[in-house]
Undergrad: 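Handing you a structure now.
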Amino acid sequence: MKALNVVSCAYRATSEEQDDTIVWLAGTLRNGGADVELLLRGNSVNYCVAAQRSVPVEIGASVQRNPPDPAGDLTRFIAKGGRVYVIAEDLAARGIIAPDLIPDVQLLGRGALPALYERYDRVWSW
């Protein structure tokens with residue numbers, strides 16, 4: 001089974017879990033041998049910006065010492081053979097340009113989505 005995870009909501013649980021839950025799930029499934037890939041749309045396209053850095057969150061005396069690293073998570077996902085697609089119009093709406101992105105993400109226009117979806121047995125939208 002070939003599955004596409006469509007991520008629209010950005011920074012979901014990143015303060016508590018240090019990772020986007022769906023990017024983590026896709027990486028874990030891929031590490032286990034599943035044929036899964038990612039499509040980022042909406043605010044989640046921010047994950048592909050290479051130069052972003054998160055700082056640890058401090059709440060009183062408690063410090064979350066492992067801040068999220070979505071660009072690093074995606075880079076590792078791609079290095080393991082996963083594909084990461086990004087909606088070009090969503091990047092443009094946020095002022096993000098191609099040179100700012102991590103290497104090897106694949107830009108798609110919204111018009112290309114039906115053909116992309118047809119290549120997968122399952123499309124999971126989060």
Side-chain angles (χ1 to χ4, degrees):
M1 174 185 72
K2 188 170 184 154
L4 179 67
N5 284 282
V6 181
V7 182
S8 301
C9 181
Y11 304 101
R12 173 194 349 240
T14 55
S15 292
E16 303 89 352
E17 301 294 332
Q18 296 86 45
D19 300 301
D20 176 279
T21 52
I22 303 312
V23 173
W24 174 85
L25 175 64
T28 300
L29 291 172
R30 179 159 277 287
N31 289 343
D35 192 0
V36 297
E37 297 180 339
L38 290 162
L39 167 65
L40 305 179
R41 60 183 306 159
N43 287 331
S44 72
V45 299
N46 289 303
Y47 287 173
C48 291
V49 176
Q52 66 179 297
R53 296 293 175 262
S54 298
V55 297
V57 175
E58 294 183 37
I59 301 173
S62 178
V63 179
Q64 183 257 48
R65 299 200 186 276
N66 298 307
D69 179 18
D73 293 339
L74 293 174
T75 299
R76 288 184 288 280
F77 182 82
I78 292 168
K80 291 183 179 181
R83 287 193 178 130
V84 176
Y85 302 97
V86 183
I87 301 298
E89 293 90 340
D90 292 341
L91 290 170
R94 288 154 182 84
I96 301 170
I97 57 175
D100 294 338
L101 303 178
I102 61 173
D104 300 321
V105 296
Q106 299 182 28
L107 302 181
L108 291 177
R110 279 195 186 98
L113 288 178
L116 178 69
Y117 291 162
E118 286 181 8
R119 295 178 10 206
Y120 294 88
D121 301 311
R122 300 284 184 264
V123 177
W124 300 324
S125 183
W126 306 95

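As the structure is a prediction and not an experimental result, all values here were calculated from the model. All values below come from the heavy atoms of this structure, side chains included, with hydrogens, waters and symmetry mates left out. Position 1 is the first residue of the sequence; numbering continues from there.
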Undergrad: Could you tell me whether a side-chain N or O of Arg41 sits under 3.5 Å from a main-chain N or O of Ser8, the two making a donor and an acceptor?
TA: no

Undergrad: If you apply the rule side-chain contact (heavy atoms from CB on, under 4.5 Å), what do you find for Leu74 with Cys48, and how did you get there?
TA: CA-CA 7 Å; Leu74 293 174; Cys48 291; 3.9 Å; yes

Undergrad: Looking just at side-chain N and O atoms, do Glu37 and Tyr120 make a donor-acceptor pair shorter than 3.5 Å?
TA: yes

Undergrad: Quick one: does Tyr85's side chain get under 4.5 Å of Leu116's, heavy atoms only?
TA: yes

Undergrad: Met1, Leu38: one ILVMFWY side-chain cluster at the under-4.5 Å cut-off?
TA: yes

Undergrad: Decide, yes or no, whether a salt bridge links Arg110 with Asp90 under the criterion of side-chain N to carboxylate O below 4.0 Å.
TA: yes

Undergrad: What's the shortest heavy-atom distance between Trp124 and Leu29, and which atoms?
TA: CZ3-CD1, 4.3 Å

Undergrad: Which heavy-atom pair separates Leu4 from Leu39 by the least distance, and what is that distance?
TA: CD1-N, 3.9 Å

Undergrad: Ignoring hydrogens and angles, tell me if any N or O in the side chain of Gln52 forms a donor-acceptor pair with the backbone of Tyr47 under 3.5 Å.
TA: yes

Undergrad: Is the backbone of Leu40 close enough, under 3.5 Å, to the side chain of Ser44 for a donor and an acceptor to pair up by distance?
TA: no

Undergrad: Does the pair Lys2 and Arg122 meet the rule for a side-chain contact (heavy atoms from CB on, under 4.5 Å), with working shown?
TA: CA-CA 6 Å; Lys2 188 170 184 154; Arg122 300 284 184 264; over 6 Å; no

Undergrad: For Asn5 and Trp126, does a side-chain donor sit closer than 3.5 Å to a side-chain acceptor?
TA: yes

Undergrad: So, Glu118 side chain and Ala115 main chain: donor-acceptor pair closer than 3.5 Å or not?
TA: no

